[in-house]
Protein chains: 2
Amino acid sequence: MELSERKKKILRAIVDSYIRTAEPVGSKSIAAMPDMNFSSATIRNEMAELTSMGYLEQPHTSAGRVPSPAGYRLYVDELMRNYRLSIDETQSLNQALEAKMQDFGDVISQVGKLVSQLTNLPAYAVASPQGKVSVKRFDLIMAESNSFILVILTSTEAVQNKLIRLPLEVSEQDLKLLSAVLNASLTDLTVDEITSEVLSRITRSAGPAASLVPIIIEFTVHVLQEQQHSDVYLTGQVKLLGQPEYQDVSKAKQLLSTLDEEMIAHLPEVISPDSKTQILVGPEHIAQELKDTSVVMTRFDIGDGMQGMIGVVGPTRMDYAQITARLSYFAENLGRLFGKHELPPPSQKEEE
Amino acid sequence: MELSERKKKILRAIVDSYIRTAEPVGSKSIAAMPDMNFSSATIRNEMAELTSMGYLEQPHTSAGRVPSPAGYRLYVDELMRNYRLSIDETQSLNQALEAKMQDFGDVISQVGKLVSQLTNLPAYAVASPQGKVSVKRFDLIMAESNSFILVILTSTEAVQNKLIRLPLEVSEQDLKLLSAVLNASLTDLTVDEITSEVLSRITRSAGPAASLVPIIIEFTVHVLQEQQHSDVYLTGQVKLLGQPEYQDVSKAKQLLSTLDEEMIAHLPEVISPDSKTQILVGPEHIAQELKDTSVVMTRFDIGDGMQGMIGVVGPTRMDYAQITARLSYFAENLGRLFGKHELPPPSQKEEE
DNA sequence: AATGGCACTCTCGATTTGAGAGTGCCATGA
DNA sequence: TCATGGCACTCTCAAATCGAGAGTGCCATT
């Protein structure tokens, strides 16, 4: 059932105020706002109703009201006013972006740091492959007489390599052959498609270097698995300690303990695939410990069969309007940068 | 001037007790210990002297005594009893080590996590190159018609690579030539030795592919700089919140804000090059914010021109004996593992 | 239906109080 | 001369008390 306009107005005012002050808000302070043409008594009545409808909560009799999760949900979905970035903001945002992104280094972590800095909250950045990853190309390079380098180019345009010491004498010719066999039989296969059947076929035709096949396969599978996984970078957790809701150390500790990369990795499971920016309010998502917490996240374009996502974790009470605005702006420009500069995609980060 | 045996005994008892309980310790509780054949009054006198000598401090008149930094220093240098690892401990330590280290992936971060888990404190792991890093070998691999892969093998045995799109048509022959030139002129040079003179020489002899030289050089320099840098991994910061000294959020926040990778990177500067395990007590080191904090660190062998270091950050009040013992044991076995299994050294971690 | 008024509730900070822990020092005794 | 028992004194900490302030719910009035 729809809320009356007046109720909406009041609910919005309450959430706004609570977001600013982190204090329960009372009828009087609402009535005192310009633009509120009702007496505090009227507002009290409305607030009582909003409470019984589940949009507000009362920490105790005779304290002000606090938005409930449902209240927040309604707020972000319908009530929230758009936040317009000021010129200053867009400028400093652009600057930061330009400055950091020129740099080499692990892009995904740079992005994460930037978002955290920008919002003054913990932030994360994720790069995950769209669809299944396969190997596009193998190269075996003789390094020294007793070792060679295995280089794998994946469908996500990532290059991974490994220095392998030879267990036996193998000539450059033998490696060439093996390389050809690999490229013929093992490319374009996803990790699930690498069956024992495929394996034995390769081994049979690999010639003198057949003994290397298991090592190579192991590494290949590892690379594919790793590439298939999302690359998660989380930073700025400490910023939560600045928020009034985490002045209690044990609460803070509990939250910070669950707030790790692994937890973030589960987030994509809950998001709906169509919407761009998404807000998860409190108990809506996975971990119990996050019940006073919200997550704002948005996608960005990253190219090369990869998908990017950035997000911010904060108290349910955070400034959704502002955060959402900044995040979307950031994501947009990030997409532009990736398109324009042909930056190395984060998938090229390697761990071996 | 030397302390009397009795003073040492008392000081040791006080530090031991304070480490266990985090409470100021009074004369009575010391006197009550078995093995203390003096009355509380005697101990009071001794404590008064120890205090005026600077080894103890009093939070306020009529509280117990607390070790001062000087007191800790003396304790770790002379008084501390060796902690013997129990069979159980060595076993679970070995197990954890075996289990984690089999795994591929970024070794340095695995080590860090393990140490943190093992000590229940924030821990870090660092891999830094011994001496100057240079390039050992270049390879240029034609990938597709319009791009190639640049592979660099450094003196730290790290393999780094980058997919480079060709700005113009270049034949495989041209790349071969360029590769030969690079290997002839640019190997074994440290980053400082890559002068503009060297550059122009290379460019002159590079043939049709000369236009690629700047890109390659840029990447090379970047790789060398990155390899020259220590690779730092820090984890488990949140564990500090479990310690009684950080129940005050603002203190905790302050500390956690300074405790980042960058801070850790400065640690090696303060350690003396000869000793293996080292303990930094409170104000002895860099940052003001760390004054109630200690660091225990130790080296480990990592091979391939790299040096490893692991360390633990904790309250000054931490159990030095235990931590030191575990850390050294860990470091030893780590060294053994690196030697034995020929694990990929952490320097092979790559970020591009 | 909106409002002014009022009694009632609950929290929070300030203040008080007493118990407990610990000290410093002195007089005593080996 | 050094260790010890005793004692008065200090300081903290937790619990108890108290009053102000904020906010509510409801009722009578407009």
How long is the line joining [atom1] of [X] and [atom2] of [N], in whole Å?
X: I10(B); N: dT23(C); atom1: CD1; atom2: P; answer: 12 Å
X: E23(B); N: dG20(C); atom1: CD; atom2: P; answer: 17 Å
X: F38(A); N: dG4(C); atom1: CZ; atom2: P; answer: 14 Å
X: I14(A); N: dG23(D); atom1: CD1; atom2: P; answer: 12 Å
X: K7(B); N: dC2(D); atom1: NZ; atom2: C1'; answer: 12 Å
X: I30(A); N: dT24(D); atom1: CD1; atom2: C1'; answer: 15 Å
X: M47(A); N: dC26(D); atom1: CE; atom2: P; answer: 14 Å
X: N45(B); N: dT4(D); atom1: CG; atom2: P; answer: 10 Å

Specify the residue among T42(B) and H60(B) whose closest nucleotide of DNA chain D lies further upstream toward the 5′ end.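 Looking at the nearest nucleotide for each, T42(B) comes out on the 5' side.
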Of A63(B) and Q58(A), whose nearest nucleotide on DNA chain D comes first from the 5' end?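 Nearest-nucleotide comparison on DNA chain D picks A63(B).
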For residues E57(A) and T51(A), determine if any side-chain heavy atom of one lies less than 4.5 Å from a side-chain heavy atom of the other.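 Heavy-atom side-chain distance check fails, nothing below 4.5 Å.
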Give a yes or no answer on whether the side chain of T316(B) reaches the backbone of G282(B) with a donor-acceptor pair at less than 3.5 Å.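 Pair absent, no side-chain N/O of T316(B) close to backbone of G282(B).
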Side-chain (S116(B)) to main-chain (G112(B)) donor-acceptor, under 3.5 angstrom: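 A pair under 3.5 Å: no.
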For the base of dG4(C), is there a side-chain donor-acceptor partner from R44(A) under 3.5 Å away?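 Side chain to base: no pair present.
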A41(A) near the nucleic acid: base, sugar-phosphate alone, or nothing, with a heavy-atom cut-off under 4.0 Å?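 Base, at least one base heavy atom under 4.0 Å.
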Looking only at side-chain atoms of [X], point me to the closest of [options].
X: S39(B); options: dG25(D), dT4(D), dG24(C); answer: dT4(D)
X: R6(A); options: dG24(C), dA2(C), dT24(D); answer: dA2(C)
X: R65(B); options: dT3(C), dT23(C), dT9(C); answer: dT23(C)
X: T61(A); options: dT4(D), dT24(D), dC10(C); answer: dC10(C)
X: S62(A); options: dT10(D), dG4(C), dT9(C); answer: dT9(C)

Within 45 degrees of the axis of the six-membered ring of Y75(A) and under 6.0 Å from its centre: does R12(A) put its NZ or CZ there?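 R12(A) over Y75(A) ring: no.
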If I take atom CD from residue Q117(A) and atom CG from residue L93(A), how far apart are they, to the nearest 0.5 angstrom?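 Answer for the CD-CG pair, Q117(A) versus L93(A), is 10.0 Å.
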